[in-house]
Structure formats: structure tokens, C-alpha cells
Amino acid sequence: MAGLSPMMAHYMETKEQYKDCLLFYRLGDFYEMFFDDAVTTSRESELTLTGKECGLEERAPMCGVPYHAVDSYLYKLVQKGYKVVIAEQMEDPKQAKGLVKREVIRVVTPGTITSAQALDETRNNYLMGIVSLGERLGISVADISTGEFLVTEVESERALADEINKFSPSEVVCNDAFAMSGMDLEQLKDRYQFAFYPLDARFFQEEGCRKVLREHFKVGSMEGLGLGDYVCGTIAAGAILQYLYETQKCGLDHITT
């Protein structure tokens, strides 16, 4: 947008990269949201909506939350199915020359939130990946709070429903083939209360999935992971791992098996 202030221009550049997320943008002691994200966050979190000069004729809608209380707001939003991207200050504003450097440090989703305040210690918080390939369904589940990471394959919707019932994931991601399979996903969502996101096709490239699994677990082949005969499962597991790398932006060293 022409005319935006330098800070707001950077905010919009970051937002452009994460269009499907609410952007929490660190400004001093607060995370601030602007424009549509501010309207949504204020409504869903019962926050006061204000405005900020942004270089345009009209003030930008704005709301904010204190950085020390951010976990409670993240929990509320992801419980309602939103994704939240955190853009953090990477230098001391008092030492910065010009615009303070900010970078995205993580994306918080229902299946990747790790706050102790948000998690029930008595149950796992599973992220599930589902891949439809021909007559088979690959299923992978991961709990990044514990490092648990599992994979299987099934051949029927009934068996898939059994796996969803068993793990009760808080978030399900899938390939387009599954999203368009005709399975009643809305009924499943309502019954098991999970957020559901189809992912871009790049997450499900077979060689890319094999590569990320080999590199993460330091093995030479899928046989080293016991996945030699699990083509569909390998894609589901590789997609989940790539998704975790992109959202958590860390090495995931605690996922070891």
C-alpha cells in the first residue's frame, strides 16, 4: 500500500507471507494487530478496538495484548481454529538504528501450541496428517510437546475414523485428494472437534517427504525407519515433519523415533 509508514509497510509485507494467519506483531511490551486481523482478534478475544496512524487517510484498526500474557490469548484463538504468526523484535529498540528488526519466530496452530497453560497434562495434543493415494490412506500423528511421532496406513473410511477416534487430534492437515474425496469432513470436525487445513501440494511430494525424514532421523533409506512398504504413510509422515519445521522454525531434536 502506497503511503504506509515504514513500520506498517513491514507489517503488511509480513502479513502477505502469512495470509491465512492472524499476525501478532511485537511493538515494545505489546503484540499488536492491525486492519482485519485487529477486527478479528478484538471480536474473538473481547479486546478493545482502537486505531493507529499508518500513513493512510484513515487510521488503521488496532488492538493489542501484553507480551507477558500472550499465551492465554493464543490459546483462545487456536481453540477457535485460528492460526497465529508471531513476529518478534530481534534487537533492542533503544539500540536500533531506524526500523527495529523483526522476524517471524513461529506459527501457532491448534496442533502445535506448546504453552503449559494451554495444554491438558492428562492428554496428548496431536497433530494429524492424512494423505489419500489411490485406495490407501496414509496417517501420521505427532505431539510436539512429548516428541511422539507415529505413522500407519488404512484402506477404508471406517478405519480412518477409528484412528481419529483413537488419537482425538486437535488439528488435521491433508492433501487435496483427501480434501476432495467426498468424505463428510464437516461431520468428522463436529464430532471430534478438530481444526482442519488442506496443505499446499509441495508438502506432499514423495521425494521431498523421503528426504526430510532421512535427514531428520539420519537414516539412509525408509527401511531404516521401518517404512519401506509404507509409501502413503511415508508421505503423511514427511508432510507432518515439513509442516512442523515451517511452523516451529526449530530443529525438533526431541522427535527422535
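All heavy atoms count here, side chains included; hydrogens, waters and symmetry mates do not.
Aromatic ring pairs are classed by plane angle as parallel below 30°, tilted from 30° to 60° and perpendicular above 60°; the pair Phe34 and Tyr11 is perpendicular. Under the 30°/60° scheme for interplanar angles, the aromatic rings of Phe196 and Phe194 are found to be tilted. Taking the six-membered ring where the residue is Trp, His10 and Tyr25 present tilted rings, their angle falling between 30° and 60°.
Note that CZ of Phe178 is 11.0 Å distant from CZ of Phe204, once rounded to the nearest 0.5 Å. In this structure, CD1 in Ile164 is found 4.0 Å from CG in Leu160, a value given to the nearest 0.5 Å. In this structure, OG1 in Thr48 is found 10.5 Å from CE in Met62, a value given to the nearest 0.5 Å. Taken to the nearest 0.5 Å, the CE atom of Met183 stands 4.5 Å off from the CG atom of Leu188. Note that CG of Leu27 is 5.5 Å distant from CD of Glu32, once rounded to the nearest 0.5 Å. Here Ile130 contributes atom CD1 and Leu199 contributes atom CG; the two are 11.0 Å apart, rounded to the nearest 0.5 Å.
At least one side-chain heavy atom of Tyr197 sits under 4.5 Å from a side-chain heavy atom of Pro110. The closest side-chain heavy-atom distance from Leu225 to Val151 is not below 4.5 Å. Taking 4.5 Å as the limit, some side-chain heavy atom of Phe35 sits within range of a side-chain heavy atom of Met8. Under the 4.5 Å side-chain criterion, counting only non-hydrogen atoms from C-beta, Val84 is not in contact with Thr41. No side-chain heavy atom of Ser221 sits under 4.5 Å from any side-chain heavy atom of Val219.
Environment of CD in Gln187: sparse, with no more than 12 heavy atoms of neighbouring residues, nucleotides or ligands closer than 6.0 Å. In this structure, Arg191 places its CZ atom where only 12 or fewer heavy-atom neighbours from other residues, nucleotides or ligands lie under 6.0 Å away. Other residues, nucleotides and ligands contribute only 12 or fewer heavy atoms inside 6.0 Å of the CD atom of Glu16. Enclosure of atom CG in Asp36 is not indicated, since only 12 or fewer non-hydrogen atoms of other residues, nucleotides or ligands lie within 6.0 angstrom. Shown here is Tyr82, whose OH atom has more than 12 heavy atoms of other residues, nucleotides or ligands within 6.0 Å. Other residues, nucleotides and ligands place no more than 12 heavy atoms under 6.0 Å from the NZ atom of Lys101. The number of heavy-atom neighbours closer than 6.0 Å to CG of Asp200, taken from other residues, nucleotides and ligands shown, is above 12.
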**Request:** Please report the C-alpha distance between Leu23 and Met33 in whole Å, then the side-chain angles of each, then the deciding distance to 0.1 Å, and finally whether the side-chain contact (heavy atoms from CB on, under 4.5 Å) criterion is met.
**Result:** CA-CA 6 Å; Leu23 174 54; Met33 293 112 260; over 6 Å; no
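Using a distance-only test at 3.5 Å, with no hydrogens or angles considered, a donor-acceptor pair links the side chain of Gln193 to the main chain of Asp190. Proximity of a side-chain donor or acceptor of Glu148 to a complementary backbone N or O of Asp143 within less than 3.5 Å is not detected. In this structure, Glu153 contributes its side chain and Thr234 its backbone to no donor-acceptor pair below 3.5 Å. Judged by distance alone, with hydrogens and angles left aside, the side-chain atoms of Ser45 form no donor-acceptor pair with the main-chain N or O of Ser42 at under 3.5 Å. Checked by atom type and distance alone, the side chain of Glu171 never pairs as donor or acceptor with a backbone atom of Leu127 at under 3.5 Å. Glu44 places no side-chain N or O within 3.5 Å of a backbone atom of Leu77 that could act as its donor or acceptor partner. In this structure a side-chain-to-backbone donor-acceptor pair under 3.5 Å is present from Asn175 to Ser132. One N or O on the side chain of Lys15 and one on the backbone of Cys21 form a donor-acceptor pair closer than 3.5 Å. The main-chain N or O of Ala201 is found under 3.5 Å from a side-chain atom of Gln205 such that the two form a donor-acceptor pair.
The cluster map of Ile, Leu, Val, Met, Phe, Trp and Tyr, joined by side-chain heavy atoms under 4.5 Å apart, puts Met128 and Val107 in different clusters. No path of Ile, Leu, Val, Met, Phe, Trp and Tyr side chains, each step under 4.5 Å between heavy atoms, connects Val173 with Val85, placing them in separate hydrophobic clusters. Taking hydrophobic clusters as Ile, Leu, Val, Met, Phe, Trp and Tyr residues chained together by side-chain heavy-atom distances below 4.5 Å, Tyr192 shares a cluster with Val141.
Glu88 pairs in a side chain to side chain donor-acceptor pair (under 3.5 Å) with only one of the listed residues (Arg26, Arg106, Arg102), which is Arg26.
Across all non-hydrogen atoms, the minimal contact from Ser156 to Ala159 is OG-N, 3.1 Å. Shown here for Gly81 and Ala195, the closest heavy-atom pair between the two residues is CA-CB, 4.2 Å. Heavy atoms only, all atoms of each residue included: Leu150 and Phe167 are closest at CD1-CE2, 3.7 Å. Minimum heavy-atom separation, Pro61 to Ala38: O-CB, 3.5 Å. Closest of all the heavy-atom pairs between Leu99 and Glu91 is O-OE2, 3.8 Å. Here the shortest heavy-atom pairing between Gly129 and Ile240 reads N-CD1, 3.3 Å.
A salt bridge does not link Glu207 with Lys211: every distance from a Lys NZ or Arg NE/NH1/NH2 to an Asp or Glu carboxylate oxygen is 4.0 Å or more. Remark: Glu246 does not engage Lys249 in a salt bridge, criterion side-chain N to carboxylate O under 4.0 Å.
Side chains of Gln89 and Tyr67: no donor on one and acceptor on the other come within 3.5 Å.
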